[in-house]
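First up is the structure itself, then whatever we jot down about it.
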Amino acid sequence: MKPFTFERARTPAEAAAAVAKQPGARFIAGGTNLLDLMKLQIETPPHLVDVNALGLDKIEPTSDGGLRIGALVRNTDLAADARVRRDYAVLSRALLAGASGQLRNKATTAGNLLQRTRCPYFYDTHQACNKRQPGSGCSAVGGYSRQLAVIGASPACIATHPSDMAVAMRVLDASVETVHADGRTRVIPIADFHKLPEGTPQIETGLEPGELITAVTLPKPVGGVHVYRKVRDRASYAFALVSVAAIVQKDGSGRVALGGVAAKPWRDESAEAEMPRGAKAVTDKLLAGAQPTGENAFKLPLAERALAAALSQARAAA
């Protein structure tokens, strides 16, 4: 790990200003992803700004009947919150499917959204990776790709986003609240927050330099049966090959988002009109244009079967 300087911020705007003024600086809260990346010298920030004392660790109701989740709410606390379990069960289930109990105790809401890919070529500094070193190439293209993207990828990058929580946030139509160094705030729809690689895979979110996430807001509950299914190589502490976040209403309509298939949670609202017709009709439209490799083509039928199981589970629960 390379040397770095460290400071504790007192306000969100102060934290944003501290990171914005020093190129390469990073925020740190739980550190469950960043510290690993620093040890491997994938991330080498010269300065860290601790945001743990900013008071962004509360879950509060909003005026329109939703919930505002502070950026520093730990994954364990969010999954256990009675309001989340009752009204946004898909989120609670997605959180409990991720990582381990120890990591969930440290990991934060904002950090979960910002965690970086687990592509093996990204983590191997001896391999070319456009995400780690722009312009160096993508060793995953033509390499080992079993866990990587089948849709939304590009010749520059075929990595997937690892978050379970983000998939649930996408199906819930969450919004991300931020603050800039000058105190300006904005709200980013979760659909626009994560970016596809295209020609710039190193740009993973819509955040500007120094912009700090302060909260994630969930809209008013939509009801229905909430299901999160995660298919992985082992029963725990493994990232998804394919995951399904689904909300199913009594008439068979609903919402669905997939994880493990793209560089961002994958949802196409137009495909959801096919839900009453079944999983195949949905996934045929949701994954139209997919370009799998020979090693990960199995993800296409796997996504269909995982969604079929989710729909069956929802019908049984209803």
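Taking CZ of Phe27 as the reference point, atom CG of Asn52 lies at 12.5 Å (rounded to 0.5 Å). Rounded to the nearest 0.5 angstrom, Met165 CE and Ile69 CD1 are separated by 8.0 Å. To the nearest 0.5 Å, atom CZ of residue Arg132 and atom CD of residue Glu43 are 11.5 Å apart. Here the straight-line distance linking atom CG of Asn75 with atom NZ of Lys106 works out to 12.0 Å at 0.5 Å rounding. Summarising the geometry, atom CG belonging to Leu113 is positioned 5.5 Å from atom CD1 belonging to Ile213; distances are rounded to the nearest 0.5 Å. Here the straight-line distance linking atom NE2 of His226 with atom OG of Ser92 works out to 11.5 Å at 0.5 Å rounding.
Transitive grouping of hydrophobic side chains (ILVMFWY, heavy atoms separated by less than 4.5 Å) brings Leu258 and Leu196 into a common cluster. Met169 and Leu56 end up in different hydrophobic clusters when Ile, Leu, Val, Met, Phe, Trp and Tyr side chains are linked at under 4.5 Å. Hydrophobic cluster membership differs between Tyr121 and Val141, with clusters built from Ile, Leu, Val, Met, Phe, Trp and Tyr side chains linked at under 4.5 angstrom. Two different hydrophobic clusters hold Val167 and Ile151 under the rule that ILVMFWY side chains link at heavy-atom gaps under 4.5 Å.
When only modelled atom types and interatomic distance are considered, Glu177 and Thr217 share a side-chain donor-acceptor pair under 3.5 Å. There is no side-chain donor-acceptor pair under 3.5 Å between Asn130 and Gln133.
A side-chain contact (heavy atoms from CB on, under 4.5 Å) with Ile28 holds for exactly one of Val49, Leu35, Val51; it is Leu35.
Contact annotation: the side chain of Leu172 approaches that of Val90 to within less than 4.5 Å [non-hydrogen atoms, C-beta and beyond]. Side chains of Val73 and Arg68 form no contact here, defined as non-hydrogen atoms less than 4.5 Å apart. Put simply, the side chain of Asn296 does not reach to within 4.5 Å of the side chain of Gln147, judged on heavy atoms. Residues Thr5 and Leu48 have side chains not in contact (no heavy-atom distance under 4.5 Å, counting atoms from C-beta outward). Between Tyr228 and Val244, the closest side-chain pair of non-hydrogen atoms is not below 4.5 Å. Under the 4.5 Å side-chain criterion, counting only non-hydrogen atoms from C-beta, Arg104 is in contact with Leu96. Phe239 is not listed as a side-chain neighbour of Thr117, based on a closest heavy-atom distance of 4.5 Å or more. Leu78 places a side-chain heavy atom less than 4.5 Å from the side chain of Leu91.
In terms of modelled atom types and a separation under 3.5 Å, the side chain of Ser139 and the main chain of Ala128 share a donor-acceptor contact. In this structure a side-chain-to-backbone donor-acceptor pair under 3.5 Å is present from Gln115 to Asn112. In this structure, the side chain of Lys264 engages the main chain of Ala191 through a donor-acceptor pair within 3.5 Å. One N or O on the side chain of Thr11 and one on the backbone of Glu14 form a donor-acceptor pair closer than 3.5 Å. In this structure, the side chain of Asn33 engages the main chain of Arg116 through a donor-acceptor pair within 3.5 Å. At distances below 3.5 Å, at least one donor-acceptor pair connects side-chain atoms of Lys230 with backbone N or O atoms of Ala97.
For Lys195, the NZ atom counts as densely surrounded, since its 6.0 Å shell holds more than 12 non-hydrogen atoms of other residues, nucleotides or ligands. For Phe298, the CZ atom is densely surrounded, since the number of other residues' heavy atoms within 6.0 Å is greater than 12. The local environment of CD in Gln291 is sparse, with at most 12 non-hydrogen atoms from other residues, nucleotides or ligands closer than 6.0 Å. Atom CZ of Arg232 has more than 12 neighbouring heavy atoms from other residues, nucleotides or ligands inside a 6.0 Å radius.
Contact record, Gly24 with Pro46: O-CD, 3.5 Å, taken as the closest heavy-atom pair. Nearest heavy-atom pair across Arg26 and Leu34 is CB-CD2, 4.1 Å. Between Gly223 and Ile247 the shortest heavy-atom distance is O-CG2, 3.4 Å. For the pair Gly143 and Glu295, the tightest heavy-atom approach, listed with the atom from each and the gap, is O-OE1, 3.4 Å. The shortest non-hydrogen separation linking Asp164 to Gly98 is OD2-CA, 3.4 Å. For the residue pair Asp77 and Ile59, the shortest heavy atom distance occurs at O-CD1, 4.4 Å.
One finds a salt bridge joining Glu204 and Lys131 here, because a Lys/Arg side-chain nitrogen approaches an Asp/Glu carboxylate oxygen to under 4.0 Å. Salt-bridge annotation for Arg186 and Glu211: present, with a side-chain N of the basic residue lying under 4.0 Å from a carboxylate O of the acidic one. Salt bridge Arg170/Asp173: present, at least one basic N to carboxylate O contact under 4.0 Å. A salt bridge links Asp284 to Lys280: one of the charged nitrogens lies within less than 4.0 Å of a carboxylate oxygen.
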With salt bridge (Lys or Arg N to Asp or Glu O under 4.0 Å) as the criterion, how do Glu272 and Lys285 come out once you've worked through the C-alpha distance, each side chain's angles and the decisive distance to 0.1 Å?
CA-CA 9 Å; Glu272 294 167 358; Lys285 191 164 187 177; over 6 Å; no
Derivation of the salt bridge (Lys or Arg N to Asp or Glu O under 4.0 Å) call for Asp233 and Arg146:
CA-CA 11 Å; Asp233 284 327; Arg146 180 173 179 272; 2.8 Å; yes
